[in-house]
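Here the structure is a predicted model, which means the values were calculated and not measured. Remember, it's 1-based here, ligands and their atoms both numbered in the order they're listed.
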Amino acid sequence: MPRTHLLALAVAASLAFTLASCGGGNRPTAGTSTNAAPANETPEQFVARVNKEMREVSTELNSAQWLSNTYINSDSELIAAKANERWLTRLNEWIAQAKRFEGRQMSPEAARSIKLLKLMTAMPAPRDPKELAQLAQIASKLEGMYGSGSYCTGSGADKTCRDIGQLSDVLASSRDYAAQLDAWQGWHTVGAPMRGDYTRFVTLVNKGAKEMGFANAGEMWRSGYDMTPAEFAHETDRLWDEVKPLYEQLHCYTRGKLDAKYGKDKGEVAGGMLPAHLMGNQWQQDWSNLWDILAPYPNAGSLDVNAALQRAQEANFGRALFSANTPGLSASDRGFQAQRAAELATATQMMQRAQDFYTSLGMRTLPESFWQKTQFIKPLDREVMCHASAWDMNMQGDVRIKMCIKPTEEDLTTIYHELGHIYYDLAYNSQPPLLQGGANDGFHEAIGDTIVLSMTPQYLASVGLVAKPQQTQEALVNAQMRMALSKVAFLPFGLMIDRWRWGVFDGSITPDHYNQAWWALKAKYQGVAPITPRGEDFFDPGAKYHVPANTPYTRYFLANILQFQFYKALCDASGHKGPLYECSFYGNKEAGRRYWAMLSRGASQPWQATLKELTGSDRIDAKPLLEYFAPLQDWLKQQNAGQTCGWSAEGATAAAAATPAPPG
Ligand code: X8Z
Ligand code: ZN
């Protein structure tokens, strides 16, 4: 898991700690609990003991979680649930024991450590042991359902099943309207069976949160930002208001292109919204795959990283075929083995390419164990969770990534993202366990993405991933569009997921309206809608990893804004002059030194202080993002001149509430 927000075990995806939690505590009394606190312990002694015990318990939990993510079956699910149960129980005990110190004088480090202990988990567990066990069991089950999810058609010998990777490939590459609809609806079938378990899950984590003194689990999530929960919610509104005009321009331009491609009756849905299945991505959170439709100037220099990666794969295949001469192997077996070897080799090269960026800043190479234990490609002999994640197994150097890497630009940038988590973990490994975490969870998500902003056309050319770029206005607009399709398109999505969960946790969204509320928020923020009604027979939130995995999502919204602040600061540190979007701090040791200094702070002080050290500001600020995209925003305004931009969300709400249609 990552940790939910402050703690950081495995960070990126959220396994362990997300599953972990901190409830109100079992209130053990001395002599009755095997884990009773020593009498007369000082706050500092308590924190030192928890730091020691936590390293042990969380390492066991992470191992169980790693196994259940990389070998999904009923046995690993059971083992992971049991490990989580032990962890959650222990966490509740520590939190109960910490109550002794309320109002007591203590060192600032002890005070911060105890504060972080109470906010460590996204999954606060009830004190009742049976309920706690049930929560752990549901959490493992939901993750397993997502990880092993597939969509099958046909029957008997004609039955074929496709997983998330195969279904997403259709959205990425096919421009066949019906094939995309089938792949989108097909993947969303995995959500429906989760509804009952998810409903119970919400009841249980809310009970845990209340026992800890929070109004509900959502309020607890909003409490991890060194400000009040209300102030935090207000900050996210403020930031969204600042970036929304840019998103609306991108939305308007995109709608026009989809209309041109599919016809107005199919390119948009009622109210001027974008059809959910046509955006190149299951959740419409990243529109990069629509480059063939949205490229501003198709002839102004190619930024086709996919082609270079595909060529690398083919070269690896050729080499593997040449050296695979096991006697007695059929030609097709040889071909198959060479294909697998080539996939692994290409994935490893992509990881090395990303590592090279970090080492160019002066950071160390990844430990040997990383290369041995990382899951690079999808195994063929078992189910695995393919959603990318980064893991810090033992808080002292056993770091790994779990991915199912394909030779695509999307996966290359995800690798850079994941290595951001890994280098953050390594940098703060020198802190005591309770302070090992991001300054806030948005920081954790922003580290690698800041590096991605430095992957300018010049950088990509310098490492042989694209041809030497043109220096024209058209090439600039292309480069900006390439970034905007992932970074700007993402912004409202980054917000709406937790708008939904905050409502679910506070009871304003009830189970009988789960899906309707989901689509109402998608309409309101993203301006996207399904083309057929998605009533309450569906549970579409379950088809997005972070819902069954219970990973808070506002972190990604924050990260998408913060990363431009980090980027600007590091560009300044590297001595960059000129427009922000031209900067790459690749190879700059001063930028690396400043970055590492920030990473090493971990969670040891309020994030505002950490942000100030790097950027000079203690507020999250959308201005660097807007500065970066200023040329594109001007260009979009020209393109959209005369259009009526924006959308009306009314139609979607009505459609979602209507009678559900069967998928397929
Ligand atoms: O989940 C992730 C990472 C792991 S932390 C792969 N991301 C979000 C997502 O995929 O929805 C990165 C971008 C947003
Ligand atoms: Zn991440």
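- By the criterion of a heavy-atom distance under 4.0 Å, the side chain of Tyr553, and not its backbone, is placed next to ligand 1.
- The Glu418 neighbourhood of ligand 1 comprises atoms 3 (C), 4 (C), 6 (C), with distances under 4.0 Å to a heavy atom of that residue.
- Numbered from 1 in the order shown, with element, the atoms of ligand 1 that lie under 4.0 Å from a heavy atom of His421 read 5 (S).
- Of the candidates Tyr556, Trp283, Tyr545, Tyr556 brings a heavy atom nearest to atom 7 (N) of ligand 1.
- Distances below 4.0 Å separate heavy atoms of Gln285 from the following atoms of ligand 1: 9 (C), 10 (O), 11 (O), 14 (C).
- Geometry at the Zn ion (ligand 2): NE2/His417 and NE2/His421 form an angle of 100°, nearest 10 degrees.
- At a threshold of 4.0 Å, the pair Glu77-Lys141 does not count as salt-bridged, since none of the basic side-chain nitrogens sits closer than that to a carboxylate oxygen.
- The distance from the Zn ion (ligand 2) to the nearest N/O/S atom of Glu418 is not under 2.8 Å.
- Between the Zn ion (ligand 2) and the N, O or S atoms of Glu445, the shortest distance is to OE1.
- Although no hydrogens or angles enter the test, the distance criterion places no donor-acceptor pair under 3.5 Å between the side chain of Arg499 and the main chain of Leu521.
- Checked by distance only, ligand 1 and Lys544 come closer than 3.5 Å through their nitrogen or oxygen atoms.
- Residues Thr359 and Tyr423 have side chains in contact (heavy-atom distance under 4.5 Å, counting atoms from C-beta outward).
- Contact atoms of ligand 1 toward Ala388: 4 (C), 6 (C) (distance under 4.0 Å to a heavy atom of the residue).
- Atoms of ligand 1 lying under 4.0 Å from any heavy atom of Glu445, numbered from 1 in the order shown and given with element: 5 (S).
- Classified by interplanar angle (parallel below 30°, tilted 30° to 60°, perpendicular above 60°), the ring pair Tyr428/His444 is perpendicular.
- We find that Arg400 and Asp398 are joined by a salt bridge, their nearest charged nitrogen and carboxylate oxygen being less than 4.0 Å apart.
- Within ligand 1, counting atoms from 1 as listed, the ones closer than 4.0 Å to a heavy atom of Phe490 are 14 (C).
- Taking the six-membered ring for Trp and the full ring otherwise, the centers of Tyr358 and Tyr416 sit at least 6.0 Å from each other.
- Taking the centre of each ring, Phe493 and Tyr553 come in below the 6.0 Å mark.
- Not one N or O of Thr414 is nearer than 3.5 Å to an N or O of ligand 1, by distance alone.
- The structure places OG1 of Thr236 at 9.5 Å from CG of Asp498, a figure rounded to the nearest 0.5 Å.
- When atom types are taken as modelled, the side chain of Tyr247 and the backbone of Trp240 share no donor-acceptor pair closer than 3.5 angstrom.
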